[in-house]
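First the proteins, then the strands, lettered A, B, ... as listed; each starts at 1. Every heavy atom of this structure was used, including side-chain atoms; hydrogens, water molecules and symmetry mates were not.
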Amino acid sequence: MAQVRVRFAPSPTGPLHIGGVRTALYNYLFAKKNNGIFILRIEDTDQGRFVEGAEEYIMESLEWCGIKVDEGINEGGKFGPYRQSDRKELYRQYADDLIHKGDAYYAFDTPAQLDAMRAEEEKAGKTFIYNASNRMGLCNSLSSSGSDWKERIEKGEPYVIRYKMPLGEDIHFDDVIRGHIVVNSNTLDDKVLFKSDGMPTYHLANIVDDHLMEITHVIRGEEWLPSLPLHFLLYRSFGWQAPLFAHLPLLLKPDGKGKLSKRDGDKMGFPVFPLFWPYGETSKGYREEGYYPDAFVNMLALLGWNPGTEQEIFTMYELINSFTIERVHKSGSRFDPEKAKWFNHQYLQKRSVNEVAIEYREFLRARGFHIDIKPLERLVELVKERVSFVKDIWSETDFFFVAPQSYDPEVVKKRWKEDSPALLRELRSLLEQTDDFSPSSTEVLVKSWIEEKGYNMGAVMNAFRLAVVGASRGPHMFDIISWIGKQETLDRIDKGIALIGK
RNA sequence: GGUCCAUUCGUCUAGUGGUUAGGACGUCAGGUUUUCAUCCUGUUAACAGGGGUUCGAUUCCCCUAUGGACUACCA
C-alpha cells in the first residue's frame with residue numbers, strides 16, 4: 001500500500017479554534033500510527049479574509065501541542081508550495097480541463113443578480129439553487145446562443161467557472177466514520193470552482209492539491225460532509241482515484257445548543273484557543289492559562305475518540321499507538337471545562353517537585369519575587385497535590401510571602417475567642433525560647449505544651465492559624481512557620497493579637 | 001424551508017441479540033485532617049419515543065421527535 005499522507009488544511013482567517021487543533025491532532029495521530037506523513041497546507045484562496053499573523057499562530061499552536069509537521073510552508077517538501085496562494089497559477093488548467101470534458105462551464109451572472117434571485121426564492125419559501133433545473137435560464141456559456149459567451153470573455157467581462165452537476169443522479173460515496181451515503185444530484189448546485197478574481201474556490205483547490213500532494217486520507221470537520229458528493233464527482237470528472245474520507249464530529253458548547261464558540265469561552269471563563277491571540281479582541285489561550293500542552297492534547301484527544309479501554313491518561317506516544325480512525329465517534333461532543341482542569345491536575349501531579357518549583361519560580365519572578373529553588377521546593381512539596389495549575393500555587397501560598405493584611409471576619413467570628421490573645425501570648429513566649437523551627441521540633445514542643453496545660457488543641461491551633469495566615473486555609477501550621485521562620489512567626493502573632501483585638 | 005448527519009447517566013464515554021448496562025468528570029454523603037484543600041470510600045444517575053424483526057431487543061430495520069451541519073465568486 002502506498003504511504004499514508006494526510007494534511008491539515010486550515011484557512012488563515014484568525015486564531016485556530018480548539019476544534020481545529022483536534023482535527024490537526026487526529027490527522028497527526030493517524031499519520032504517525034501508520035508511519036505516514038503529516039502535511040500542513042495553508043488554504044488562503046479567499047484573499048479578503050486573510051488575517052495577518054494567523055499562519056504563524058497556526059504553526060506555533062501545532063508546535064506547542066507537540067504536533068510535528070513533516071511537510072509545510074516552513075518545512076518544505078517535494079510537493080510544495082504548501083500555501084495555495086503560491087500555487088495560484090496551477091489551478092486554472094484544471095478548471096479548463098473540466099470545461100473541455102464538458103463537466104464545467106463559464107457563468108456570467110453577477111453576485112448582485114444572484115443575490116436578488118436568492119432573496120426572491122427565499123420570499124417564496126424556497127431555496128435558490130443553480131443547477132440543471134434552471135441553468136439554461138441563467139447567464140452562462142451553456143445557455144448563451146452561438147459564441148456570445150466567447151465575446152464576453154474576450155471583452156474582459158468577469159466570469160466564474162461552475163461545475164456542471166449531472167441531472168437526477170444518485171451519487172454514492174463512503175465515509176470512513178459514517179459509512180455509506182447516497183445523495184441525489186438534483187439537490188446539489190453547480191458550485192463555483194474558479195472565481196472571477198482568478199483564484200480557485202476551496203472545492204477546486206482542495207481536490208487538485210490533495211491529488212497532487214498524493215493525499216491518501218482526508219480527515220476533516222463534519223461541516224464538509226455536505227460537499228463530499230461534489231468532491232467525489234470532481235475526482236470522477238478528473239479521472240483520479242479519490243482518497244478515503246473521514247468526517248470528524250463537532251465540538252459542542254458545554255451547555256445550551258450549538259457548536260463551541262469564542263463567546264462560550266468568554267462567558268464561562270475557559271479558553272477556546274490554544275494560545276493567546278494578541279490581535280483584535282483579547283482571547284485567552286490554554287497555554288497562558290497554565291495548561292500543560294500534553295494535558296491539553298490528552299483532553300482533546302479523548303473528546304470524540306477513545307481506545308475502548310478505561311485508560312484516560314495518555315502520552316502522545318500512547319495516543320499514536322492506540323489511535324484508530326474507526327473508533328472516532330459519529331456524534332458531537334460537548335466540551336467540559338471541568339474535565340479539562342482535571343486533566344491538568346493529573347499532569348501536574350505527575351511532575352516532580354523540582355520541575356514544578358522551577359515553573360513556580362518563573363511565576364514568582366514575573367511578580368517581583370526572587371526566591372531560591374530550595375525553599376520553593378519545600379513550598380511546592382507542601383501544596384502540590386492541592387493544585388491543578390502552577391498559578392494556583394500562588395493563591396495557596398501567598399501568605400508564605402506576605403503577612404496577612406486582613407483577617408477573614410467569618411473565621412474571626414468562629415475561631416477567635418475570649419482567651420485567644422492570652423493563649424497566643426503564651427504560645428509566643430514558648431516559641432521564642434527555641435531556635436529549632438523544623439516542623440517536627442515545633443510540633444513536639446507545642447503539642448506537649450498544650451497537653452501539659454490541658455488546653456484544647458483546636459482552640460490554640462485555629463487562633464494561631466488565623467494570626468499567621470489570616471484565614472482558615474493552608475498546609476499544616478508547623479510546616480508554615482518552619483518556612484517563614486521564627487522572627488516572622490513571632491511578628492505575625494504580635495500583629496494578630498494587636499489587630500484582631502479583644 | 002431543503003439536503004445530509006447524529007441520539008447510552010447532567011457531561012465525556014464502554015458495551016452486548018439474553019449484562020446487576022461498566023468507567024471517568026461532576027454532584028451528594030461519609031472517612032482522614034488543628035483549618036481549607038487534596039486524598040480515600042461510598043452514593044447518585046442513562047439506552048429519546050413509537051412501531052416492527054425475534055423466543056428475547058439498548059443492540060437489527062422503519063417512522064417520529066430532538067439536536068447538529070450545510071444551503072456564498074467563505075473555507
Side-chain angles (χ1 to χ4, degrees), chain A residues 9-13 43-46 48-49 107 109-111 114-115 118 121-122 124-129 158-162 175 177-179 181-184 186-189 191-197 199-203 205-206 220-229 247 249-250 252 254-255 257-259 299 302-312 329-343 345 349 383-388 392 396 411 414-415 443 446-447 450 456-466 469 471-478:
Chain A
S11 266
T13 54
E43 308 219 329
D44 57 346
T45 52
D46 185 357
R49 291 212 308 159
D109 319 87
T110 66
L114 293 169
D115 284 348
R118 275 193 198 97
E121 288 288 295
E122 199 175 325
K126 292 188 208 157
T127 307
F128 175 77
I129 191 163
Y159 63 90
V160 299
I161 297 174
R162 284 181 182 272
D175 179 274
I177 295 170
R178 282 145 215 280
I181 300 169
V182 184
V183 180
N184 192 279
N186 287 352
T187 66
L188 271 17
D189 60 359
K191 280 285 175 203
V192 171
L193 300 179
F194 203 84
K195 300 184 273 190
S196 58
D197 67 356
M199 282 293 241
T201 60
Y202 171 85
H203 304 292
N206 192 265
R220 77 229 295 199
E222 186 183 309
E223 67 271 23
W224 293 109
L225 199 51
S227 43
L228 187 51
H247 289 86
L250 262 19
L252 273 18
D255 56 5
K257 298 175 178 181
K259 63 177 177 179
M299 177 272 293
L302 257 32
L303 227 44
W305 170 87
N306 78 78
T309 67
E310 283 179 0
Q311 183 179 357
E312 293 210 87
H329 304 141
K330 294 178 165 76
S331 53
S333 327
R334 278 183 194 280
F335 178 74
D336 182 358
E338 285 304 316
K339 189 119 188 190
K341 285 182 193 158
W342 177 81
F343 274 106
H345 180 85
Q349 302 318 313
V383 298
K384 179 171 168 251
E385 64 183 22
R386 319 156 70 100
V387 300
S388 297
D392 291 347
E396 290 288 331
V411 183
K414 194 173 170 196
R415 306 291 191 191
E443 178 163 8
V446 172
K447 281 190 172 170
I450 289 172
N456 179 288
M457 177 80 80
V460 176
M461 296 308 292
N462 288 318
F464 188 22
R465 177 176 296 278
L466 182 59
V469 175
S472 176
R473 63 191 174 95
H476 286 273
M477 281 309 296
F478 303 110

Worksheet item: According to a strict under-4.0 Å criterion, is A:Arg334 in side-chain N/O contact with OP1 or OP2 of B:rG26?
Response: no
Worksheet entry | B:rC70 phosphate, OP1 or OP2, under 4.0 Å from A:His203 side-chain N/O | no
Worksheet item: Checking all strands, does A:Glu43 fall into the base, sugar-phosphate, or nothing category for heavy-atom contacts under 4.0 angstrom?
Response: sugar-phosphate
Worksheet, complete the sentence: Taking a pair to mean Watson-Crick or G-U wobble geometry with both distances below 3.5 Å, B:rU43 pairs with none
Worksheet item: For B:rC36, does either OP1 or OP2 sit under 4.0 Å from a side-chain N or O belonging to A:Arg465?
Response: no
Worksheet item: In Å and rounded to the nearest 0.5 Å, what is the CD to CD distance from A:Glu310 to A:Glu312?
Response: 8.5 Å
Worksheet item: With both distances under 3.5 Å as the test, what is the Watson-Crick or G-U wobble partner of B:rA6?
Response: B:rU66
Discussion item. Does B:rA72 have OP1 or OP2 under 4.0 Å away from a side-chain N or O of A:Arg118?
Written reply: yes
Item to complete: State which residues pass salt bridge (charged side-chain N to carboxylate O under 4.0 Å, His left out) with A:Lys384; sequence neighbours excluded, sorted by chain then number.
Response: none
Response to the item:
Residue pair A:Val387/A:Arg178 against RNA chain B: nearer the 5' end by closest nucleotide is A:Arg178
Discussion item. Please determine whether a side-chain nitrogen or oxygen atom of A:Lys126 lies at a distance below 4.0 Å from atom OP1 or OP2 of B:rU71.
Written reply: no
Practice prompt. Remember a base hit wins even if backbone is also touched, and classify A:Pro475 as base, sugar-phosphate or nothing at under 4.0 Å, heavy atoms.
Written response: base
Worksheet entry | Sugar-phosphate, base or nothing in reach of A:Lys330, heavy atoms under 4.0 Å | sugar-phosphate
Worksheet item: A:Met461 has a side chain; which of B:rG68, B:rU34, B:rC4 sits nearest to it?
Response: B:rU34
Response to the item:
By nearest-heavy-atom nucleotide on RNA chain B, the more 5' of A:Ser333 and A:Lys414 is A:Ser333
Worksheet entry | B:rC36 pairs with, by Watson-Crick or G-U criteria that keep both distances under 3.5 Å | none
Discussion item. Quiz question: going by heavy-atom distance under 3.5 Å, is there a donor-acceptor pair between the base of B:rU33 and the side chain of A:His476?
Written reply: no
Practice prompt. Respond yes when some side-chain nitrogen or oxygen of A:Thr45 is under 4.0 Å from OP1 or OP2 of B:rA75, and no when none is.
Written response: yes
Practice prompt. For A:Asp109, report the nucleic acid contact type (base, sugar-phosphate, nothing); a contact means any heavy atom under 4.0 Å.
Written response: base
Worksheet entry | Below 4.0 Å: OP1/OP2 of B:rC12 and any side-chain N or O of A:His329 | no
Worksheet item: If you look at every strand shown and take non-hydrogen atoms under 4.0 Å, does A:Ser196 touch a base, only sugar-phosphate, or nothing?
Response: base
Discussion item. What's A:Gly221 touching, base or sugar-phosphate or nothing? Going by heavy atoms closer than 4.0 Å.
Written reply: nothing
Worksheet item: What string of B, S and - do you get for nucleotides 59-67 of chain B, 5' to 3', when a contact is any protein heavy atom under 4.0 Å?
Response: --------S
Worksheet item: A:Asn306 CG to B:rU8 P: how many Å, rounded?
Response: 14 Å
Worksheet item: Within less than 4.0 Å of OP1 or OP2 of B:rC74, is there a side-chain N or O belonging to A:Thr13?
Response: no
Discussion item. Checking base pairs now: Watson-Crick or wobble, both atom distances under 3.5 Å. What partners B:rU59?
Written reply: none
Worksheet item: So what's B:rA24 paired with, Watson-Crick or G-U wobble, going by both distances under 3.5 Å?
Response: B:rU11
